[in-house]
Amino acid sequence: MSAAEPEACALSSSSLDVEEKCQYYGNSSSDPPTEPHPDMDMFCCHSVQDSLLSSDSRFTNYRGILNWIIILLILTHAHLFLDNFIQHGFLIDLRKVLEHLMEDHYNWPSVNLILAANMFAIAALLLERCLDKGTLSPSAGHCLHLGNLGLLTLFPAVIILYDTSISTGGAYFSLWTYTVLGLKLYSYQETNSWYRQGSVPSSGTDKCVLHETKKHIEHLTIKDLYYFLLAPTLCYQRNFPFTPRVRINVLCKTLIEMVVLTQIIVGVVQQWIEPIFQRSENSFSNMDITTRVEHLMELVAPNHFLWLMFSFLFSHSYLNFCAELLCFGDRHFYGDWWNAKTLKCFWGNWNIPLHKWRYRHLYTPLLKKRVSQKQADLLVFLMSAALCEYVIALPLHSCRLWIFFMMIFELLVDVYLGDYFKGNYGNGLVWLCFLLGPPLAMMTYFHDHYMSHHGQHPPGLSVSECLS
């Protein structure tokens, strides 16, 4: 190599990368400059760099691998669907679902139960008006509110347990309605109490501004209460953020999403999950360990797809439909839970309205009572686990605490393994717990409910019939 070659490499006009990558080969810099060599790119083709898939690499664009995984999953499950169709035929029938939801042509106990919930909402409004006028003391009003909430909790439970005419689907709709109503009315009475005291807690979940020029009584109206009850939020405040108008295109889009997703969910249940139930001979509690694991593994994939679709249907399509219809401005209904690297982050991002309620009305008050952060976290988590067990097990008349204990197990996993699984490994642990955690435990409840009603079932029996 001639003495002029180092200078030629430095002065090459091919690209900046080539200049940085070139290595200077020792010779005197006093040599006169020469024209760059036409093949300079061929002299400097190496530099210090890591492989793309190594841990030290900063490469993050894995879109092609993601597309490959999606195509592989589609092809794999297409084979499963084909085997299912060959073995069982076409099982999807929306009429069975509609017949089940109708309950009885002349008696709809679940509808009557939901309509009766208005009594508790009106009672809460009347109590707030009496408190605002001063005809009730704050302590007496608080006790009456707690009594109203206690009756609201017991009333649907008693009806569901002792009224044999109510279907399982109707019981679920009724109990979820009462549960949401109870959370809303608790927020309603506590927030109005803060307004009467002239101070709204400065937590991150409630950034509304108190308008001193307005009297409290102006907000204690039927219109204000029922707007809050219908709005996609669990936390009450005055002067909710609004959007300028209702966008018809958004309404139509979310409505189509709900219709399509509902049909897909029904198809997954009837075509995929139902045949697995029909192959069972015993409930999970009566199976031997090998058979139990086999059935659980069969249910993992369809149950996971079912939960993902239901989550999108409810958290995105339904809540955005309600928000658009009511011009409700705050539409932060979920975070990026799929990127969560810890189970605690997953729980906080899965359901933002519920997370806000827990933080505002449970966690923060506990901290004000000088409860430590760890103890407050534990109490809030235990309440969430008990609530999940309540709303799933009660309509099925089966309280085995499997969901509750599975959530406790996830808590132990987060506490003892969270420090060892970080970054992408932590995200993998979150997905593993989501696959094999509480959603799968919930599916075992439905399986055992099906078996208890139709243990000896004819070949064509449907899941919707067993729920009636």
Side-chain angles (χ1 to χ4, degrees), residues 17 47-77 203-205 293 296-297 299-312 314-316 331-356 358-359 363 367 372-382 384-385 388 403-443:
D17 273 347
S47 65
V48 177
Q49 52 186 330
D50 296 308
S51 299
L52 292 184
L53 299 181
S54 66
S55 58
D56 295 329
S57 174
R58 297 182 180 180
F59 181 76
T60 58
N61 185 9
Y62 297 101
R63 182 65 193 180
I65 296 179
L66 178 61
N67 291 335
W68 165 67
I69 293 174
I70 292 174
I71 293 173
L72 187 63
L73 284 174
I74 292 174
L75 294 176
T76 303
H77 288 90
S203 64
T205 59
V293 171
L296 285 175
M297 291 301 101
L299 288 170
V300 166
N303 181 65
H304 185 61
F305 290 141
L306 194 67
W307 271 92
L308 290 178
M309 288 185 290
F310 180 78
S311 174
F312 187 88
F314 178 77
S315 299
H316 182 80
R331 305 188 183 185
H332 186 203
F333 302 127
Y334 54 88
D336 58 337
W337 53 264
W338 49 88
N339 290 327
K341 298 178 180 178
T342 63
L343 286 168
K344 185 176 181 180
C345 181
F346 170 80
W347 296 324
N349 285 290
W350 174 261
N351 189 330
I352 296 296
L354 181 59
H355 176 71
K356 286 182 179 180
R358 290 180 304 192
Y359 183 84
Y363 184 76
L367 293 183
S372 67
Q373 290 186 356
K374 290 185 178 180
Q375 290 176 337
D377 280 331
L378 178 61
L379 290 174
V380 171
F381 181 83
L382 291 177
S384 301
C388 289
I403 301 171
F404 181 82
F405 287 128
M406 185 59 70
M407 294 187 69
I408 297 299
F409 177 75
E410 282 195 351
L411 177 64
L412 296 176
V413 169
D414 185 61
V415 170
Y416 291 104
L417 297 181
D419 293 335
Y420 300 98
F421 290 85
K422 296 181 179 180
N424 291 331
Y425 299 104
N427 182 251
L429 181 64
V430 169
W431 277 106
L432 183 63
C433 290
F434 183 53
L435 282 165
L436 304 177
L440 192 60
M442 294 179 191
M443 184 56 68

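- Considering only residues two or more places apart in sequence or on other chains, Tyr363 meets the ring pair (Phe, Tyr, Trp, His ring centres under 6.0 Å) condition with Tyr359.
- Taken to the nearest 0.5 Å, the NZ atom of Lys344 stands 8.0 Å off from the CG atom of Asp414.
- Here the closest heavy-atom approach between residue Phe404 and residue Ala385 is recorded as CD1-CB, 3.5 Å.
- Not less than 6.0 angstrom separates the ring centroid of Trp307 from the ring centroid of Phe434.
- A tilted orientation is assigned to the rings of Trp431 and Trp337, their planes being inclined by 30° to 60°.
- Smallest separation of non-hydrogen atoms from Glu410 and Gly437: OE2-CA, 3.8 Å.
- Between Met407 and Leu411, the closest side-chain pair of non-hydrogen atoms is not below 4.5 Å.
- Atoms CG and CD1, from Leu75 and Ile70 in turn, are 12.0 Å apart once rounded to the nearest 0.5 Å.
- Residue Val413 comes nearest to Cys433 through the heavy atom pair CG1-SG, 4.2 Å, listed as atom of the first residue, atom of the second, then distance.
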Q: Kindly determine whether Leu436 and Met297 satisfy side-chain contact (heavy atoms from CB on, under 4.5 Å), including the steps that lead there.
A: CA-CA 9 Å; Leu436 304 177; Met297 291 301 101; 4.2 Å; yes

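- For Asn349 against Cys345, the heavy-atom pair with the smallest separation is ND2-O, 2.8 Å.
- From His355, atom NE2 reaches atom CZ of Phe333 across 15.5 Å, with rounding to the nearest 0.5 Å.
- Side-chain contact between Lys341 and Val430 is absent, with no heavy-atom pair separated by less than 4.5 Å.
- When all heavy atoms are compared, the tightest approach of Pro353 to Asn351 is CD-OD1, 3.2 Å.
- Scanning all heavy atoms of the two residues, the minimum distance from Pro438 to Met406 falls at N-CG, 3.4 Å.
- Atom CH2 of Trp338 is surrounded by more than 12 heavy atoms from other residues, nucleotides or ligands within 6.0 Å.
- Between atom CE of residue Met443 and atom CG of residue Asn303 there is a gap of 4.0 Å, rounded to the nearest 0.5 Å.
- Interatomic distance, CG of Leu440 versus CD1 of Ile403, reported as 10.5 Å (0.5 Å rounding).
- Proximity of Phe381 to Ile408: side-chain heavy atoms (C-beta onward) are separated by under 4.5 Å at one or more points.
- At most 12 non-hydrogen atoms from other residues, nucleotides or ligands lie less than 6.0 angstrom from CZ of Phe409.
- Judged as a side chain to side chain donor-acceptor pair (under 3.5 Å), and not counting sequence neighbours, the contacts of Asn67 are Arg63.
- The structure places CD1 of Ile65 at 12.5 Å from CG of Leu72, a figure rounded to the nearest 0.5 Å.
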